[in-house]
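Chain A is the first sequence line, chain B the second, and so forth, proteins listed ahead of strands; every chain is numbered from 1. From a predicted model like this one, the values you see are computed outputs, not experimental measurements.
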Amino acid sequence: MKIYNTLTGKKENFQPREAGKVSIYVCGPTTYNYIHMGNARPLVFFDTVRRYFKFKGYKVYYVQNFTDVDDKIINRSLKENVKAEDVAERFINEYYRDADDLNVKRADVHPKVSEHINEIIEMIQKLVEKDYAYTVNGNVYFNVSKFNDYGKLSGRCLEDMQAGSRVEVDYKKSNPLDFALWKASKESEPYWDSPWGRGRPGWHIECSAMSIKYLGTSFDVHGGGCDLIFPHHENEIAQSEAATGELFSRYWMHNGFIMVNKEKMSKSLGNFFLVREVLEKFPPDLVRFYLLSTHYRSPLDFDDEKLESSRRGLERIRNSIRLLEEALHQDNEECASSCMTGRLDDIKKSFESAMDDDFNTALAVGTLFDLAHEVNTCVQNRSYCIEDLQKAKELFSTFNNVLGIFKKDVHGDIVTEQAGSEKNDVAEKLMDLILDIRQNARKNKDFATADKIRDTLKEIGITVEDTPNGPRWKI
RNA sequence: GGCGACUUAGCCAAGUGGCUAAGGCAGAGGACUGCAAAUCCUCGAUUCCCCGGUUCGAAUCCGGGAGUCGCCUCCA
């Protein structure tokens with residue numbers, strides 16, 4: 001497997017720290033609002049990374065934090081006159097709702113800052129002892145000039161940054177780039193007691209303390225959006241490696257932005273769409289499919305029109321799975337010499353080599369279409385045998401286990417109905433009746449009635465397709 | 001000012017030195033159908049933003065230019 005490592009700027013062969021195991025840390029959201037599409041991209045992508053590592057047989061340990069101590073949470077709590085921890089808890093729950101909708105599996109651990117204050121304090125103490133940090137009026141700052149490798153991730157050097165820095169100079173810091181490990185708390189802010197007085201952790205230290213706690217002083221993959229490269233991840237490296245003396249994360253992966261009208265979707269620009277707003281208009285499988293249709297490091301434009309054209313593509317794959325199931329349920333008279341033989345193995349290989357190459361999900365999605373095409377052709381020509389169909393079905397399932405586009409039913413089969421429009425018993429029986437009436441009309445060449453039924457059903461969102469084996473319908 | 005990314009058919013999007021530049025959407029024609037839908041078959045970039053260079057050979061490497069975007073401040 002090859003992974004593009006931000007640290008080296010190259011694709012590298014993936015070598016896990018421990019054979020057969022992968023440890024992953026992904027920066028999770030600050031829980032002061034519902035998540036938006038920009039948050040959803042890394043969520044879905046790294047979920048897919050995790051799934052693929054599992055597919056490759058690795059034992060994966062996956063950690064994603066919640067930043068539940070933060071200025072923005074405090075601001076919201078003051079505005080709404082509720083406790084900061086209640087704000088955080090509320091949006092953690094809302095996060096899970098969105099993540100579940102997007103078929104994102106839970107991390108093995110979802111650590112929260114508020115529950116790791118001791119680990120954070122210990123780590124800061126170590127940095128103070130080692131003279132990497134200094135204290136000013138109850139604040140503790142990391143001294144970036146003490147850490148020689150500072151800038152190795154983002155590819156900048158201290159001098160350049162100082163020259164062009166637009167950071168408002170904080171007189172308490174000895175270098176403008178020094179960053180807070182511990183912040184003295186103001187009135188009406190949550191606080192914890194520490195050797196430096198009442199306060200709370202700075203932003204970056206949490207990820208270092210928590211990743212080290214759960215994954216060890218050195219681990220395999222650290223992921224997040226590319227806006228985190230500087231300063232967040234740069235600072236994580238500095239404080240972690242300063243504290244432990246070891247290489248922090250071995251591979252750094254960063255996803256590109258979601259764009260709106262060629263501009264980055266961001267909270268400060270106000271041009272963001274909440275995941276749940278989007279899910280009101282588009283089904284979650286489509287959203288996930290769309291996110292994975294572009295390579296993760298490329299920017300991805302987000303607008304309704306593009307979603308809409310993706311919808312047709314996804315429908316094509318869904319149709320193919322339906323066709324496959326249908327054929328599987330009809331006993332195929334004789335086992336024809338199959339046209340699929342060999343092709344299925346090729347497709348599987350293509351899928352794997354796409355994913356092996358820095359998680360090229362866009363190419364992998366292409367192989368999904370190849371598979372669909374193969375299935376459609378063979379089913380149409382009736383030149384298949386059941387074993388082939390079974391194998392094709394398994395392949396769809398295998399690919400889907402990695403990409404996570406379609407949900408699965410209780411039997412582990414892919415749900416072919418569009419998400420949110422599952423058929424139920426009443427609907428089934430009603431449709432049986434209606435289609436029976438329509439079939440009669442057709443038999444009597446009463447096409448006006450037959451077409452009227454079909455057109456009316458279409459208007460309410462039900463598509464009827466006539467096949468040699470009778471009609472089929474879908475929502 | 002510093003650093004970096006991107007520019008491939010109407011649209012989306014793979015491809016990073018060499019067979020005919022994946023795939024999807026849209027579009028055209030055909031098969032199938034009572035008509036449709038679904039599906040299948042056929043068709044689209046003499047060319048990869050522009051200009052130079054390296055090379056037997058470049059969309060792919062190097063130099064220059066144009067445009068777009070991002071990071072350097074909270075942000076996924």
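- Residues M37(A) and D370(A) both approach RNA chain B. Their nearest nucleotides, taken by heavy-atom distance, put D370(A) toward the 5′ side.
- The residue N376(A) sits close only to the backbone: its heavy atoms come under 4.0 Å of sugar-phosphate atoms, none of a base.
- Here the nucleotide nearest the side chain of R442(A), chosen from G34(B), A76(B), A37(B), is G34(B).
- Relative orientation of the Y150(A) and F230(A) rings is perpendicular, given thresholds of 30° and 60° on the angle between their planes.
- Residue contacts for H232(A): at a heavy-atom cut-off of 4.0 Å it reaches no nucleic acid atom on any strand shown.
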> Just by protein heavy atoms under 4.0 Å, how would nucleotides 5-11 of chain B read 5' to 3' in B, S and -?
Replying inline: -------
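- Side-chain nitrogen and oxygen atoms of K474(A) include none within less than 4.0 Å of the OP1 or OP2 phosphate oxygen of A37(B).
- For the residue pair H254(A) / H233(A), a side-chain donor-acceptor distance below 3.5 Å is found, with atom types taken as modelled.
- Counting any heavy atom pair closer than 4.0 Å across all strands shown, F447(A) reaches a base atom.
- Side-chain contact annotation: T31(A) with D68(A), donor-acceptor N/O pair under 3.5 Å absent.
- Using modelled atom types, one finds no donor on one side chain facing an acceptor on the other under 3.5 Å when comparing R316(A) with N319(A).
- The residue among R438(A) and K11(A) whose nearest nucleotide of RNA chain B lies closer to the 5′ end is K11(A).
- Using a 4.0 Å heavy-atom distance criterion, H295(A) is classed as a sugar-phosphate-only contact.
- If you check distances only, the side chain of R312(A) never reaches the base of G24(B) with a donor-acceptor pair under 3.5 Å.
- Rounded to a whole angstrom, the distance from the C1' atom of U8(B) to that of G24(B) is 15 Å.
- Contacts of N319(A) with the nucleic acid, taken as non-hydrogen atoms under 4.0 Å apart, involve only primed sugar atoms and P, OP1 or OP2.
- At a cut-off of 3.5 angstrom, the base of G34(B) holds at least one donor-acceptor pair with the side chain of D451(A).
- For an aromatic pair to be called close, the ring centres must be under 6.0 Å apart, and F53(A) with F14(A) satisfies this.
- Side-chain N/O atoms of N381(A) include none lying less than 4.0 angstrom from OP1 or OP2 on C40(B).
- Listed nucleotides A37(B), A13(B), A76(B) differ in distance to T294(A); the shortest reach to its side chain belongs to A13(B).
- For the pair K443(A) and G34(B), the criterion of a side-chain N or O lying under 4.0 Å from OP1 or OP2 is not met.
- Residue-to-nucleotide contacts include no donor-acceptor pair under 3.5 Å from the side chain of D301(A) to the base of C12(B).
- The gap from the P atom of G4(B) to that of G63(B) amounts to 12 Å, rounded to the nearest Å.
- D70(A) and T67(A) share no donor-acceptor pair across their side chains, judged by distance under 3.5 Å alone.
- Between the side chain of R454(A) and the base of A36(B), at least one donor-acceptor pair of N or O atoms lies under 3.5 Å.
- Neither side chain, H110(A) nor Y62(A), offers a donor N or O lying under 3.5 Å from an acceptor on the other.
- V365(A) comes within contact range of no nucleotide atom at all, as no heavy-atom separation falls under 4.0 Å.
- Atom name P, nucleotides C72(B) and U60(B): the rounded distance is 31 Å, in whole Å.
- Between the C1' atoms of U7(B) and G65(B), the separation comes to 14 Å (whole Å).
- Nucleic acid contact class of G38(A) (heavy atoms, under 4.0 Å, all strands): base.
- For the residue pair S145(A) / N175(A), no side-chain donor-acceptor distance below 3.5 Å is found, with atom types taken as modelled.
- When heavy atoms are screened at a 4.0 angstrom cut-off, K267(A) is found touching the sugar-phosphate backbone but no base atom.
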